[in-house]
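Worksheet for the structure shown next.
Only this structure's heavy atoms are used, side chains among them; waters, hydrogens and symmetry mates stay out. Just follow the structure's listing: the first ligand is 1, and inside any ligand the first atom is 1. For the single chain, residues carry numbers from 1 onward in sequence order.
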Amino acid sequence: MIPHAIVGTAGHIDHGKTALIKALTGQDTDRLKEEKERGISIDLGFAHLDLDDGRRVGIVDVPGHERFIRNMLAGAHGIDLALLVVAADDGVMPQTEEHVDILHLLGTRSAVVAMTKIDLVDAARIEAVREEIGTLLAWTMLEGAPIVPVSSATGAGLAALRAAIQARLTSLTRTEGPAWFRLPIDRAFVLHGHGLVVTGTAIAGTVREGETLRIVPGGELTRVRSVHVHNQAVREAYAGQRVALNLGGIGRPSVARGHIACSPALDRTTDRFDAWVEIRPGPRHAIASHDRVRVFVGTAEVLAKLIVLDSRSELGPGDAGFAQLALREPIAALRGDRFVLRDETSQRTIGGGEVVQPFAGRRRRNDPATLSGLAVLRAADTDAAVVDAVIALESAATLAPDFLMQAAHFTPERLQALLTSEMRVVALPNADTVEAVTSREKWDGLRAAAIAAVADFHRAQPRTPGIEMESVRSAVAPAVSAKVFRAVIDRLVAEKSLVRQESVLHLPSHHVALADADRELATRLTAVLGDAGWTPPDVAHLATTLAVPRPRVLGVLQHLEREGQVYRVAPDLYYAAAALERARAVIRDHCGAHPHITAATFRDLLNASRKFAIALLDYFDRTGFTLRVGDARKLRR
Ligand SMILES: Nc1nc2c(ncn2[C@@H]2O[C@H](COP(=O)(O)OP(=O)(O)OP(=O)(O)O)[C@@H](O)[C@H]2O)c(=O)[nH]1
Ligand SMILES: [Mg+2]
């Protein structure tokens, strides 16, 4: 059972929809002067019905005339239960058929059929029309709906109809987790003294007085001054209710039917989406690839070009498949939204379908990866599977979280829950501060490519310490921002797959190989420094004694430092590793027996000049071994 529900009428002109709503509720949904004069419905009408179980359900009454089909379409979305009206005297007529097609395409989940005007026919006719209706509904979402014969003139059957409506509504469920508020606007008008009011059927989420909403397209932000449901002021309103919102700070001309009032988090519109498209059976029902069509989503209507994504050049009667809709103007649409397709001049309903990926780029036709990716996304039935499929369909290695949320149709809470619990989804740099998101599969690919790029570089340039991070990025993931790529590298460094020194990357196993001449110099340098112990010659001195240019000496010393054979204690002063460790032991021993060590004591213990003692102590301070306290040093740990 759902707490809030909308009942929407459907059916051919003059079959008694408005009269039936009046008989059920006492309310007249024909509110325009022209409707009264002509005795037909032109635009949407609204009422509410009180059920015996205490629930009050919203009613949308649609016009049956084929000229007003656009108005019918604006009212037909968001309906929980369709009340299909078929007059017993006329039976099934063209708009009965078209409205059934539309309800089916919009995924209307439940229906009750009212066979009206039974006071005008005999029992045999009632049975004949009952059969016609059964045939019409076969193979549609409405198949199996109960058929209740009624007369609004005599009141016959009305109690049974109420009972049927209540029973159907009671069996409905809505499987909705946290969702963004969305209200496709069907009316926008200025109420004297109050400003702009918009109305519509809330299709998801909750809206509260005082909240900020966004109007899309356009993107303007507005404050909700007040919320009304069934002509009563309320603090909040929910999906499945007819809602009127008084909006602050926005003018009438910028808002109209077709716009949507929604959570401010929804800031993306689309002018190209991937969809599952279904063509209704029928003689003139076909859409050739690249044909122009009219798309109806929510209360919006927009011209578009349909591009069949598989190898077919056309979708014929009863066909279905993946297609892309390239829209002339941007609209607000999310994954799972249903839509109806009519021909360019809007003469007839041809088909419709479901939005699969709302923010699509151009796609190659008949591409197996695209087609299977769309099929996987359409069939995905867990949050993790949806996110996986959305990421797989994009060519980018990582996605921005706000794109992913809107493409997957997940609120931040839902995405966050996935990022912390689901191994298949990888957050960069981590789940607390998400800069980008990718799938386990793409992460593994990115990781392998980055490591391979570094390895390739080492093979090509074995004498170079490593490759610039930026070069790896442009080679393996040019579309990923430098900031996000840094997060990728940080993860690889943390798992010890790569080593980063400033902006240079190398494999942990990489050691620069020296040329033969340099190797010989390295041997001599380690020998000289080893013999010198605690009083090594500086770089300039080494260059003179060994008769080698200073830069070459420095280059080899740097290499030896990377290998851990020598340590750079001061800018021009290198120590052999063993000598440095012995000096460290001297301090540790002394501090074991004394509270601290002074520079003078250390100098005496080393039996070296003050220059060496100070350089070593500064080095130990810098590297965190000692702590300077006045003129003395203590061990840090
Ligand atoms: N005898 C009889 N007349 C009915 C019954 N229901 C409706 N009518 C009449 O049929 C005519 C059309 O009824 P509406 O309720 O306006 O029909 P509708 O389906 O709302 O028409 P549109 O909104 O224009 O599509 C009116 O003159 C009603 O009085 C019924 O059960 N019995
Ligand atoms: Mg009517």
So the salt bridge (charged side-chain N to carboxylate O under 4.0 Å, His left out) pairs with at least one residue in residues 259-274 (sequence neighbours excluded) are D274-R363
With sequence neighbours left out, the residues meeting ring-ring contact (aromatic ring centres under 6.0 Å, His included) with H104 are none
Does any N or O atom in T18 lie less than 3.5 angstrom from one in ligand 1, N or O only? yes
query: Quick one: does S152 get an N or O within less than 3.5 Å of an N or O on ligand 1?
result: yes
Does the protein come close to atom 25 (O) of ligand 1 - that is, does one of its heavy atoms sit below 4.0 Å from that atom? yes
So the side chain to side chain donor-acceptor pair (under 3.5 Å) pairs with at least one residue in residues 8-25 (sequence neighbours excluded) are T9-D61, H15-D90, T18-S41, T18-D61
query: Judged by modelled atom types alone, do T140 and R280 share a side-chain donor-acceptor pair under 3.5 Å?
result: no
Please report whether ligand 1 has a polar contact with I40, defined as an N or O pair separated by less than 3.5 Å (distance criterion only).
no
Protein non-hydrogen atoms only, distance under 4.0 Å: does atom 12 (C) of ligand 1 have such a neighbour? yes
Checklist entry - Got a salt bridge between K33 and E37, using NZ or NE/NH1/NH2 to carboxylate O under 4.0 Å? => result yes
| E131, CD atom: more than 12 neighbouring heavy atoms under 6.0 Å | no
Under 4.0 Å and counting heavy atoms only, is there anything from the protein next to atom 20 (O) of ligand 1? yes
query: If we only count N/O pairs under 3.5 Å, is T116 in contact with ligand 1?
result: no
message: Does ligand 1 come near enough to L120 that some N or O of the ligand is less than 3.5 Å from an N or O of the residue?
response: no
Ligand 1 atoms nearer than 4.0 angstrom to some heavy atom of D119 are 1 (N), 2 (C), 30 (C), 31 (O), 32 (N)
Between T349 and E98, is any side-chain donor less than 3.5 angstrom from a side-chain acceptor? yes
Distance col, row L169:CG vs D53:CG, nearest 0.5 angstrom, shows 8.5 Å
**Pair K36 + E34, salt bridge at N-O below 4.0 Å** = no
Check: When only distance counts, is I118 in polar contact with ligand 1, meaning an N/O pair under 3.5 Å?
Finding: no
Taken by chain and residue number, the protein N/O/S atoms under 2.8 Å from the Mg ion (ligand 2) read T18 OG1, S41 OG
For S151, the ligand 1 atoms with a heavy-atom partner under 4.0 Å come out as 31 (O)
